[in-house]
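For reference, the structure discussed in these notes is given below.
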Amino acid sequence: MKGSALLTLLVLVLLIGAAFGGPGDEVDTVKVVPERDASAQKLDMTINKIFGNSCSTSGCHGGKHPKMQLSLDADDIPANMIDVPSRQNDALMLIDTKDPSQSYLLLKMTGGEGMKEKKMPIMKAPLTKDELASVMTWVRGFAKAAAEETDKETDDDD
């Protein structure tokens, strides 16, 4: 009798532990995007429009099955792009916060060194100089935000 009560208690403790988590919890892999100020949010809207017109169309980087598993739908960017390796050249990040000029996203639009396959967008007209400048500013903004976040963390450690 004593043994079954002990076994019941042990099972109960294990079930409670599983319900509330513990040292073996899975790590949350959701990437946190730094907060963006009003001007950055306005730029985000511009980028969403650019991508919406040129890139996140059906058959490209939108919908349920985007090319290269890279969705450029507004809800999916930038969290799935910041410091995430490109599927075409895993030595380069889609948006590189350490070296924004080497962001694969930019290289694909400008035809820069390290780019593989065709320059983007393929099925639409190339981005205008103003659109490219907006995308470059947008990418650099994430590098700046990442640097500020690192500085803030360093200050908090002091």
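Start at 1 with the first residue, then count along the sequence. Because only heavy atoms are used, hydrogens play no part in the values below, and waters and symmetry mates are left out as well, while side chains stay in.
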Those residues that, when tested against Arg140, pass side chain to side chain donor-acceptor pair (under 3.5 Å) (two or more places apart) = none
Under 3.5 Å, side chain of Lys118 to main-chain N/O of Lys108, donor-acceptor pair present?
-> no
Say you draw a straight line from CG of Leu72 to CG of Leu105; how long is it, rounded to the nearest 0.5 Å?
-> 7.0 Å
Where the side chain of Glu148 meets the backbone of Ala145, is there a donor-acceptor pair that is under 3.5 Å apart?
-> no
Looking only at non-hydrogen atoms, find the nearest pair between Cys60 and Met123 and report the distance.
-> SG-CE, 3.1 Å
Tyr104 to Gln88 - nearest heavy-atom pair and separation = OH-OE1, 2.7 Å
Ignoring hydrogens and angles, tell me if any N or O in the side chain of Asp90 forms a donor-acceptor pair with the backbone of Ser86 under 3.5 Å.
-> no
Contact summary for Met109 and Lys119, nearest pair of heavy atoms | O-CE, 3.1 Å
Do you know the tightest heavy-atom contact between Leu70 and His61?
-> O-ND1, 2.9 Å
So CH2 of Trp138 and CG of Leu106: to nearest 0.5 Å the spacing works out to 9.0 Å
Would you say the side chain of Cys55 lies within less than 4.5 Å of the side chain of Met120, judging by non-hydrogen atoms?
-> no
On a heavy-atom basis, the closest approach of Ser134 and Thr46 is OG-CG2, 4.1 Å
Nearest heavy-atom pair of Asn80 and Leu94: which atoms, and what distance?
-> O-CD1, 4.1 Å
Is it true that a side-chain atom of Ser103 and a backbone atom of Pro100 form a donor plus acceptor pair closer than 3.5 Å?
-> yes
Short side-chain donor-acceptor distance under 3.5 Å, Ser101 and Asp99 = yes
Would you find a donor on one side and an acceptor on the other, under 3.5 Å apart, between the side chain of Asp83 and the backbone of Thr97?
-> yes
